[in-house]
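Note: hydrogens, waters and symmetry copies are ignored here, and every other heavy atom, side chains too, is used.
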Amino acid sequence: MTTKPKAKKFRIRRGVSMASDSAAQETPVAAQEPQRRVAGGGDVATPAQVAGEATLDDIRKEGLTGRQLRMARRVAQKNGLAVASDFDAVRQLRAAGIDPFQRNTILELVTPEGGENAPAAAAGVAAAKTGDDGKKELGRIQLPQTVPQGGQNLPSTETVSPADTRASEIMKIQRDLTKRRRRRFFLLMTRLSAFVFLPTIAVAWYYYAMATPMFATKSEFVIQQADSATGGAGLGGLFQGTGMATQQDSITVQSYLASRAAMQRLNDDLGFKEHFSSPDIDPIQRLEPDATNEAAFGVYEDMVKISYDPTEGILRMEVIAADPETSQEFSEALIGYAEEQVDQLTRRLREDQMAGATLSFESAQARRAEALDRLTELQAQSEILDPVSESGALLQRITNLEIERDARELELQSLLDNTRPNEARVNQARAAIGRLDDSINNLRSQLASTGDQSGTLANITAELRKAEENYQTELLMLQTAQTQMEAAQIEANRQVRYLSLGVEPVAPDEATYPRAFENTVLAFLIFCGIYLMISLTASILREQVTN
């Protein structure tokens, strides 16, 4: 365990010996009070010394700066006072009636070398020199000097407190800062009035007192696609009937309504230029009577506002005019232009699709008719409607006759097997067999040739069969062309776009514009932003130039 050493505390006071040693070095003999040294080694403080220490404590409590203390020492040396410290210099100067911080006292320290105060200063310095042991004193006796007229070097009879002097200086600095701040605030308010307040007041006066009331008619419409009869499949079916399917058409209609062509058409139909050239409109919004199309188009862009919402596929239109009826008429006319534009977008596509399908169907019909005429002509020439049936009938007859002939042959053979056959019956059987052979040969000759001997039945059958197959092919192609035409018609109907009104244009009963308060606040913010940008730019340039 370690015990910290403890030091005994003693009441240590500045003894007479220390004061006497310091006084022996810095104070002349004439200025020192007699002191007694006690033989026992202790110093005895005199009443004057105790009073001086109390005064030094008061001076320390004043909170003087280092510069003021150094200045007090210099003034004390100038006046030939021997001081022990800076605080002692302040005490002795005040006891002598000299304010060490007075302006005149400070200026007297700056004297030309060799001036009239030089001997006194030299005498004071010489008188302040003493020996090391305090017993031997060196110096010269200061002689009386001539005091300049006016009494500038005389001590002041009024005692001025350094705290009061410092407070007065602080008050002076504060008044200077206040004056400077007022001047800067006045300049700032002048600039704000010139660049922000006055323009804002002018804008407010225009909107509240001068601007012509404008009426806005709002409408909403959507471009829809006709549903297919068979329904969509794949990705096409996913986007069918949604805003994605007609997005391109909606953007096209929006561009058309915001174009010069729509403005020119509206001017031709309802007199757009004439309406906005009326003298009832204020000069800022008024259009010149002989204005060009470009100037009219600038007004058209401000008065006709069209927006498109791609998420819902809705077109929103706001038409502004000087009276509500005209605003509604302009809105209805623009909606009619939009409907015509929508119909025109898909008209060519539908016509091309239907034209190709119709041409293919008509060509198939013509070829089928030719094939049918050829088949009919061959049937008329051969007098055979169905060669297959005719051939089958002849073959069937031949087969029957051959069967009957075989039976007669068997009967004849059975008669001849008798030892004494009946000649009459044998001859009858042979005659029947001959007749059957003639019939079979006759039928076979009919099968191989026509009645007029113009060609064989096989050739006529082949020609008829070829014509019939050609007819059947053309009939199938006609059915295919008809199916394609129906599909093209369905697709053309599906490509049809039509405009559906969600919000119909209705004339308002009170003015929509101008919005005086909102526009005034917006103008104020714009002027503030411009002023801030100019101020920051000027400050940066000033700083760069200064550096």
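- Shortest non-hydrogen contact noted between T200 and V196 is OG1-O, 2.6 Å.
- Contact of the V304 side chain with the I320 side chain is not registered, since no non-hydrogen atoms from C-beta on lie closer than 4.5 Å.
- Looking at P283 and M210, their side chains come closer than 4.5 Å, going by heavy atoms from C-beta outward.
- Heavy atoms of other residues, nucleotides or ligands lying less than 6.0 angstrom from CD of E288 number 12 at most.
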Applying side chain to side chain contact (heavy atoms under 4.5 Å, CB included), run through Q264 and N293 and close with a yes or a no.
CA-CA 8 Å; Q264 186 65 40; N293 290 333; 3.6 Å; yes
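- In terms of modelled atom types and a separation under 3.5 Å, the side chain of N267 and the main chain of M263 share no donor-acceptor contact.
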Might you work through the side chain to side chain donor-acceptor pair (under 3.5 Å) test for S439 and R435, ending with a clear yes or no?
CA-CA 6 Å; S439 297; R435 288 192 297 271; over 6 Å; no
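- Within the 3.5 Å criterion, the main-chain N or O of A321 finds no donor-acceptor partner in the side chain of H275.
- In this structure, T178 OG1 and I173 CD1 are separated by 11.5 Å, a value rounded to the nearest 0.5 Å.
- With contacts defined as side-chain heavy-atom distances shorter than 4.5 Å, the pair R316/K305 does not qualify.
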Stepwise side chain to side chain contact (heavy atoms under 4.5 Å, CB included) check, Y308 with Q247:
CA-CA 9 Å; Y308 171 65; Q247 182 176 6; 3.5 Å; yes
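- Within a 6.0 Å radius of CZ in F195, no more than 12 heavy atoms belonging to other residues, nucleotides or ligands are found.
- Using a 4.5 Å heavy-atom cutoff, the side chains of Y300 and R260 are not in contact.
- Interatomic distance, CG of L475 versus CD of E468, reported as 11.5 Å (0.5 Å rounding).
- You'll find the side chain of E409 reaches within 4.5 Å of the side chain of I433, heavy atoms only.
- Sorted by first then second residue, the salt bridge (Lys or Arg N to Asp or Glu O under 4.0 Å) pairs that include residues 263-276, not counting sequence neighbours, are R265-E340.
- In this structure, the side chain of R286 engages the main chain of I281 through a donor-acceptor pair within 3.5 Å.
- The line from OG1 of T190 to CZ of F186 is 4.0 Å long, rounded to the nearest 0.5 Å.
- Scanning both residues, E318 and A216, for their nearest heavy atoms gives OE2-CB, 3.3 Å.
- The minimum heavy-atom distance between Q254 and S307, with the atom names listed, is NE2-CA, 4.0 Å.
- The shortest distance between side-chain heavy atoms of Q482 and Q365 does not fall below 4.5 Å.
- When every heavy atom of A507 is checked against every heavy atom of P324, the shortest pair comes out as CB-O, 3.6 Å.
- The distance from the OH atom of Y207 to the CD1 atom of I284 is 8.0 Å, given to the nearest 0.5 Å.
- In F517, the CZ atom is not crowded: 12 or fewer heavy atoms of neighbouring residues, nucleotides or ligands sit closer than 6.0 Å.
- For the pair L410 and Q413, the minimum side-chain heavy-atom distance is 4.5 Å or more.
- When only modelled atom types and interatomic distance are considered, D373 and T376 share no side-chain donor-acceptor pair under 3.5 Å.
- With sequence neighbours left out, E411 forms a salt bridge (Lys or Arg N to Asp or Glu O under 4.0 Å) with R408.
- A side-chain donor-acceptor contact under 3.5 Å links N400 to the backbone of Q396.
- Residues A258 and I306 share a closest heavy-atom pair of N-CD1, 4.1 Å.
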List the steps and the verdict of side chain to side chain contact (heavy atoms under 4.5 Å, CB included) for Y206 and D282.
CA-CA 10 Å; Y206 167 74; D282 62 89; 3.0 Å; yes
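- Other residues, nucleotides and ligands contribute more than 12 heavy atoms inside 6.0 Å of the CD atom of E402.
- Note: F276 and F272 meet the aromatic proximity criterion, with ring centroids under 6.0 Å apart.
- The shortest side-chain heavy-atom distance between I223 and L315 falls under the 4.5 Å cut-off.
- Screening L476, N470, L478 for a side chain to side chain contact (heavy atoms under 4.5 Å, CB included) with E474, the sole residue that qualifies is N470.
- A distance of 4.0 Å separates CG in L522 from CD1 in I526, rounded to the nearest 0.5 Å.
- Atom CD of Q479 sits in a crowded spot, with more than 12 heavy atoms from other residues, nucleotides or ligands closer than 6.0 Å.
- Under the side chain to side chain contact (heavy atoms under 4.5 Å, CB included) criterion, E362 pairs with T358, not counting sequence neighbours.
- Annotation: salt bridge (Lys or Arg N to Asp or Glu O under 4.0 Å) contacts involving residues 176-196, sequence neighbours excluded, comprise D176-R180.
- Under the 3.5 Å distance criterion, the side-chain polar atoms of T217 are left unmatched by any main-chain donor or acceptor of S331.
- Between the side chain of S360 and the backbone N or O of A481 there is no donor-acceptor pair closer than 3.5 Å.
- With S327 contributing its side chain and D323 its backbone, the two residues share no donor-acceptor pair below 3.5 Å.
- With sequence neighbours left out, E469 forms a salt bridge (Lys or Arg N to Asp or Glu O under 4.0 Å) with no residue at all.
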Step-by-step side chain to side chain contact (heavy atoms under 4.5 Å, CB included) determination, L334 to M317
CA-CA 9 Å; L334 290 175; M317 183 173 63; 3.9 Å; yes
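- For R430, the salt bridge (Lys or Arg N to Asp or Glu O under 4.0 Å) criterion is met by no residue, not counting sequence neighbours.
- Closest non-hydrogen pair, S168 versus T165, comes out as OG-O, 2.5 Å.
- To the nearest 0.5 angstrom, N519 atom CG is 15.0 Å from F524 atom CZ.
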